[in-house]
Participant: 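Provided herewith is a single structure, encoded as C-alpha cells, for subsequent inquiry.
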Amino acid sequence: GAGVSQSPSNKVTEKGKDVELRCDPISGHTALYWYRQSLGQGLEFLIYFQGNSAPDKSGLPSDRFSAERTGGSVSTLTIQRTQQEDSAVYLCASSLASGQGTYEQYFGPGTRLTVT
Amino acid sequence: DAKTTQPPSMDCAEGRAANLPCNHSTISGNEYVYWYRQIHSQGPQYIIHGLKNNETNEMASLIITEDRKSSTLILPHATLRDTAVYYCIVRVANAGGTSYGKLTFGQGTILTVHP
C-alpha cells in the first residue's frame, strides 16, 4: 500500500518568508509525528498528534513553528519568518496507536528545506 | 526515556554477520528497545524491537542481555544495501503495554558494508 508521502520534496525560500510543509500519513494511522534533521545532526522530535487528543508540542523550537492536522489525516507544518538555522530535512511519520500493542513508525521521504 | 550509547561507526564485510551493540544501562522495566536505520537520503526505517526476550524477524535478530542493560542487533548476512546509520532507541511502554509516542534518536552507528 501507499506509504507516508510528503510535499514538496525540496523547498528553497528566502529568509523571513513563511513556508508550509505537507504530510499525508498512511491511511488509518491515528498517530502522526514531525521530526527534523539538520546537517550533521540527529533526528529531532518536533510535534506529535494522536487522534483527537491535544498534540504534544514539546519539541517545537520556537513559536515560529506550528502544525495542524485536519480531519485526523493530512498535516501541515508551518514555519513563519524562516531563519537560516531552519534549514533541515523535515520528516513526517505515522503509526497506529490504539489499544494494546507496540507501534512502529513509518517515515516519509522528507522535505529538504533550504533558507537562503 | 533512557539514554543509549552506540559506537559511532563499524565496518562489515559483505555476506558476514553485522553485530551492532547498544548500551542502555539506565533502562527501566517498562521500556522497550527499538532499532531503526536510515539509509542515505531516506527516512528512517523500523527494523525490530523487544522488551526482554530475544526477537527475530525477516530483517534482523535482537539479542537483549538478561539484565537488559545492553543489546545487540544482528544482521545475519550483511549486504551493501545494509550500509546505513543504525539507531538504538529506548521507548517507554504505556499502561497496558502499548508503546507509541515520540522517538528520541541519538547519533547512531554508521555501518559500512564493504565488498
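Here is how names work: the chains are called A, B, and so on, in the same order as the sequence lines, proteins then strands, and each is numbered from 1.
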Participant: With a 6.0 Å cut-off (strictly less than), is the heavy-atom count around CD1 of B:I110, excluding the residue itself, greater than 12?
Facilitator: no
Participant: For B:G43 versus A:L91, what's the shortest heavy-atom pair and its separation?
Facilitator: CA-CD2, 3.8 Å
Participant: Check the surroundings of atom CG in A:N52: do more than 12 heavy atoms from other residues, nucleotides or ligands lie under 6.0 Å from it?
Facilitator: no
Participant: Can you see which heavy atom on A:S58 is nearest to which on B:K102, and at what distance?
Facilitator: OG-NZ, 3.9 Å
Participant: When you measure from the side chain of A:Y35 to the backbone of B:L103, do you find a donor-acceptor pair of N or O atoms at a distance under 3.5 Å?
Facilitator: yes
Participant: Please give me the minimum heavy-atom distance between A:Q105 and B:Y36, naming the atom from each residue.
Facilitator: N-OH, 2.8 Å
Participant: Please give me the minimum heavy-atom distance between B:Q38 and A:Q37, naming the atom from each residue.
Facilitator: NE2-OE1, 2.8 Å
Participant: If a pair satisfies ring-ring contact (aromatic ring centres under 6.0 Å, His included) and one of its residues is in residues 12-31 of chain A, list it, with sequence neighbours excluded.
Facilitator: A:H29-A:Y106
Participant: Using a cut-off of 6.0 Å, state whether more than 12 heavy atoms not belonging to B:H40 lie near its atom NE2.
Facilitator: no
Participant: Please check if atom CD in A:E14 has more than 12 non-hydrogen atoms from other residues, nucleotides or ligands closer than 6.0 Å.
Facilitator: no
